[in-house]
Q: 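There's a structure below that I have some questions on.
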Amino acid sequence: MFEMQWPWLLLLAPLPLLMGFIAPKKRIEAALRVPFYQDASQLEQQNRFSSGKRPALLIVLWAVWLSCLLAATNPQWVGEPTSMPSSGRDLLMAVDISGSMEQTDMVLSGRRINRLMAVKHVIGDFVQRRTSDRLGLILFGAQAYLQAPLTYDRQTVNQLLQEAQIGFAGRETAIGDAIGLAVKRLRDRPDASRVLVVLTDGANTAGVLSPDRATELAQKAGITIYTIAFGAEEMEVPGLFGSRTINPSRDLDENTMMAIAEKTGGKYFRARNLEELDSIHRELDRLEPIEIQTETFRPVQTLFYWPLAFAFLLSLLLAASHVWQGRAISSATLKAEVK
C-alpha cells in the first residue's frame with residue numbers, strides 16, 4: 001500500500017497563491033530610458049512563451065512546487081507482511097570431529113558408515129526443524145573452534161556441518177575447551193535461552209580447560225548442557241581366526257558426560273546407533289520446544305526521489321526555455337536597434 005509519513009505537509013500547497021495576495025505589490029519604475037523600448041516591447045509580446053504559453057508556465061511552476069511538497073511528505077510503498085521468527089533459544093551444537101569419529105560402526109540403508117557421517121545425517125534434520133532458534137556450530141578435536149556463529153540461517157549451519165571432516169581440529173578430543181568456547185559465545189545472550197548440545201564418542205584427552213572447570217563456568221553463565229555419548233557397544237571385526245566382537249566405545253567417558261549434564265540442568269543421552277541418535281534429537285525438540293510465536297514486519301521502500309526527480313526535470317526544462325527566450329529577445333532587440 002502507498003502511504004505518506006508526513007501527509008500534513010500537503011496543506012502548504014496553496015502557500016504560493018496566498019503569498020500572491022499577502023505580499024505588497026510594488027510599482028517598479030524604469031531605471032533606463034531606451035529609445036527603441038516600444039519596438040522591443042512589441043517583440044516580447046509577440047513571443048509565444050510569454051503570451052500564448054503564460055498559463056503553461058504557471059502550470060509548470062505549480063507542478064514543481066507540488067512535486068517538492070510530495071517529496072517532503074516522504075512517500076513510501078509498504079509491502080506485504082512478512083513473518084520473522086521471534087526471539088527463541090540460542091542453541092549451540094558442539095560436535096566431535098576427532099580421529100575416533102572415523103570408526104565405521106554405524107549402519108545407514110544397509111551399508112556401514114563412519115560416526116561423523118551418521119551425525120551429519122541426523123543433526124542435519126535436527127537443524128532444519130529448529131525454525132525459530134538461533135543456531136551455532138562448534139567443531140572440536142584437539143582444539144575447539146566456532147564453525148558457525150549463532151544465526152537464523154539454518155541452511156548455512158547445516159552446510160558447514162556437512163562440510164566438516166575428521167581431523168580438521170586434530171585427532172584428540174578437547175571436550176572442556178569446546179564447552180568453554182560455548183560459554184564465551186552464550187554468556188551474553190538472554191537468560192533462560194542458552195542451550196548447548198555436546199556430542200562426543202570419547203573422553204577428554206586434550207585442551208587447556210578441563211571438563212569440570214568448563215562445567216563450572218557453564219553453571220555460572222546459566223547454560224543448559226545436553227550431552228550425547230555416541231558410538232556402538234558391539235562391532236564384528238575380521239581376524240586371523242574368524243571374526244570377533246569388540247567394543248568400539250571402550251574409551252567413552254560416560255561418567256563425565258553424565259556429570260556435565262546433571263550440574264547444568266540438562267540431560268545425558270546414550271546413542272548406540274542411528275535410530276537412537278535420531279530419537280534423542282527428537283527428545284531434545286520436546287525438552288527445548290520450538291518457539292512458534294512469530295513477529296511480522298512490512299518492508300518499506302521510500303519513494304521521495306521520484307517526485308523530487310520530476311521537479312528537478314521540470315526546473316531544468318523551465319530554465320532552458322528561459323535561456324532560449326532570452327536569446328531570442330536579445331537577438332530581436334539588436335535588430336531593432338540596428339534599424
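Throughout, numbering of the chain's residues begins at 1 and tracks the sequence.
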Q: Under 3.5 Å, side chain of Gln219 to main-chain N/O of Lys263, donor-acceptor pair present?
A: yes
Q: Closest approach of Ala13 and Leu66, non-hydrogen atoms and distance?
A: CB-CD2, 3.7 Å
Q: Any side-chain heavy atom of Val107 within less than 4.5 Å of one from Asn273?
A: no
Q: Please name the pair of heavy atoms, one in Phe168 and one in Glu163, separated by the smallest distance, quoted to 0.1 Å.
A: CE2-O, 3.8 Å
Q: Apply side-chain hydrogen bond (donor to acceptor under 3.5 Å, both in side chains) to residues Ser98 and Asp96 and explain how you reach the verdict.
A: CA-CA 6 Å; Ser98 62; Asp96 188 348; 2.8 Å; yes
Q: Could you please spell out the steps behind the side-chain contact (heavy atoms from CB on, under 4.5 Å) verdict for Asn255 and Tyr268?
A: CA-CA 10 Å; Asn255 292 330; Tyr268 167 75; over 6 Å; no
Q: Looking at Met257, is its backbone amide N or carbonyl O close enough to the side chain of Thr227 to form a donor-acceptor pair, meaning the two atoms are under 3.5 Å apart?
A: yes
Q: Under a 4.0 Å N-O cut-off, is there an ion pair linking Arg129 with Asp125?
A: no
Q: Take a 6.0 Å sphere around CD of Gln162 and say whether it holds more than 12 heavy atoms from other residues, nucleotides or ligands.
A: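 Check passes, neighbour count above 12.
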Q: Same hydrophobic cluster for Leu69 and Leu313, using side-chain heavy-atom links shorter than 4.5 Å among ILVMFWY?
A: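 Not linked; separate clusters.
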Q: Should Arg130 and Asp285 count as an ion pair when the cut-off is N to O under 4.0 Å?
A: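 Yes, Arg130 and Asp285 are salt-bridged.
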Q: Please check: side-chain N/O of Arg270 versus main-chain N/O of Gly231, any donor-acceptor pairing under 3.5 Å?
A: yes
Q: Mind listing the closest non-hydrogen atom pair of Asp201 and Ser100 along with its distance?
A: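 Asp201 and Ser100 have their closest heavy atoms at OD1-OG, 2.7 Å.
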Q: To the nearest 0.5 Å, how far apart are CE in Met101 and CZ in Phe230?
A: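 Taking CE in Met101 and CZ in Phe230, the distance rounds to 6.0 Å.
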Q: Nearest 0.5 Å, please: how far is CE in Met4 from CG in Asn74?
A: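 Between Asn74 CG and Met4 CE, I get 10.5 Å after rounding to 0.5 Å.
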Q: Which is it for Trp77 and Glu3 under the side-chain contact (heavy atoms from CB on, under 4.5 Å) test, yes or no, and what are the steps along the way?
A: CA-CA 6 Å; Trp77 179 260; Glu3 63 179 32; over 6 Å; no
Q: In this structure, are over 12 heavy atoms from other groups packed under 6.0 Å from Trp306 atom CH2?
A: no
Q: Check Gly124 against Asn158 and note the closest heavy-atom contact, atom names and distance.
A: CA-OD1, 3.3 Å
Q: Establish whether Ile97 and Ile228 are linked, either directly or via other cluster members, by ILVMFWY side-chain heavy-atom contacts under 4.5 Å.
A: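 Same cluster: Ile97 reaches Ile228 through Ile, Leu, Val, Met, Phe, Trp or Tyr contacts under 4.5 Å.
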Q: Between Trp6 and Ala72, is there a donor-acceptor pair closer than 3.5 Å when you use the side chain of the first and the backbone of the second?
A: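 Side chain of Trp6 to backbone of Ala72, a donor-acceptor pair under 3.5 Å: no, none is there.
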Q: Does Ser249 use its side chain to pair, donor to acceptor, with the backbone of Ala232 at less than 3.5 Å?
A: yes
Q: Please find the pair of heavy atoms, one from Asp253 and one from Ala203, that lie closest to each other, and give the distance.
A: CB-CB, 3.6 Å
Q: In a check of salt bridge (charged side-chain N to carboxylate O under 4.0 Å, His left out) between Glu102 and each of Arg112, Arg171, Arg115, which one passes?
A: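 Between Glu102 and the candidates, salt bridge (charged side-chain N to carboxylate O under 4.0 Å, His left out) is satisfied uniquely by Arg171.
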Q: Can you tell me if Thr173 uses its side chain to pair, donor with acceptor, with the backbone of Thr205 under 3.5 Å?
A: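 No; zero donor-acceptor contacts below 3.5 Å.
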Q: Contact between Leu92 and Val197 at the side-chain level, heavy atoms closer than 4.5 Å - yes or no?
A: no
Q: Are Leu135 and Ile223 connected, step by step, through hydrophobic side chains (Ile, Leu, Val, Met, Phe, Trp, Tyr) whose heavy atoms are closer than 4.5 Å?
A: no
Q: Looking only at heavy atoms, which two atoms of Ala271 and Ile280 are closest? And how far apart?
A: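 Answer, listing the atom of Ala271 first, then Ile280: CB-CD1, 3.5 Å.
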Q: Could you check whether any side-chain N or O of Asp177 sits under 3.5 Å from a backbone N or O of Leu209, counting only pairs where one atom can act as donor and the other as acceptor?
A: yes
Q: Answer yes if Val127 and Leu139 sit in the same cluster of Ile, Leu, Val, Met, Phe, Trp and Tyr residues linked by side chain heavy atoms under 4.5 Å apart, and no otherwise.
A: yes
Q: Is there a side-chain contact between Ile260 and Thr256 in this structure, where contact means two heavy atoms from C-beta onward sitting under 4.5 Å apart?
A: yes
Q: Val95 and Leu137: side-chain contact (heavy atoms from CB on, under 4.5 Å), yes or no, with the steps?
A: CA-CA 8 Å; Val95 177; Leu137 178 64; 3.9 Å; yes
Q: Quick one: does Arg272's side chain have a donor or acceptor within less than 3.5 Å of a partner on Glu233's backbone?
A: no
Q: Flag the pair Met93 / Val157 as yes when at least one side-chain heavy-atom distance between them is below 4.5 Å, and no otherwise.
A: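 Of all side-chain heavy-atom pairs linking Val157 with Met93, at least one is under 4.5 Å.
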Q: With a 4.5 Å limit on heavy-atom distance, are the side chains of Phe140 and Tyr145 in contact?
A: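 Result no, sub-4.5 Å side-chain heavy-atom pair not found.
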Q: What I want to check is whether the side chains of Asp153 and Thr151 have a donor and an acceptor closer together than 3.5 Å.
A: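 There is no such pair (donor and acceptor under 3.5 Å, judged by atom type) between the side chains of Asp153 and Thr151.
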Q: Give a yes or no on whether a salt bridge exists between Glu283 and Lys267, defined as a side-chain N under 4.0 angstrom from a carboxylate O.
A: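 Yes.
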Q: Surrounding CZ of Arg185 (heavy atoms of other residues, nucleotides or ligands, distance under 6.0 Å), is the total greater than 12?
A: no
Q: Consider only side-chain N and O atoms of Asn114 and Thr104, and report whether a donor and an acceptor are under 3.5 Å apart.
A: no
Q: Do Asn204 side-chain atoms and Pro211 backbone N/O form a donor-acceptor pair below 3.5 Å?
A: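 Checking the backbone N and O of Pro211 against the side chain of Asn204, no donor-acceptor pair under 3.5 Å is found.
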Q: Closer than 4.0 angstrom, basic N to acidic O: yes or no for Asp90 and Arg194?
A: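 No, this pair does not count.
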Q: For the residue pair Ile138 and Gln147, establish whether any side-chain heavy-atom pair is separated by less than 4.5 Å.
A: no
Q: Between Leu314 and Leu61, is any pair of side-chain heavy atoms under 4.5 Å apart?
A: no
Q: Does the side chain of Leu150 reach to within under 4.5 Å of the side chain of Arg189, using non-hydrogen atoms?
A: yes
Q: Indicate yes or no for a side-chain donor-acceptor contact from Thr264 to the backbone of Ile225 under 3.5 Å, with no hydrogens or angles considered.
A: yes
Q: Between Ile175 and Leu199, is there shared hydrophobic-cluster membership here, with clusters defined by ILVMFWY side-chain heavy atoms closer than 4.5 Å?
A: no
Q: With rounding to the nearest 0.5 angstrom, report the CD to CG distance, Gln103 to Leu116.
A: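 The CD atom of Gln103 sits 13.0 Å away from the CG atom of Leu116.
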Q: Would you please test Leu303 and Phe2 for side-chain contact (heavy atoms from CB on, under 4.5 Å) and show each step?
A: CA-CA 10 Å; Leu303 303 173; Phe2 177 80; 4.0 Å; yes
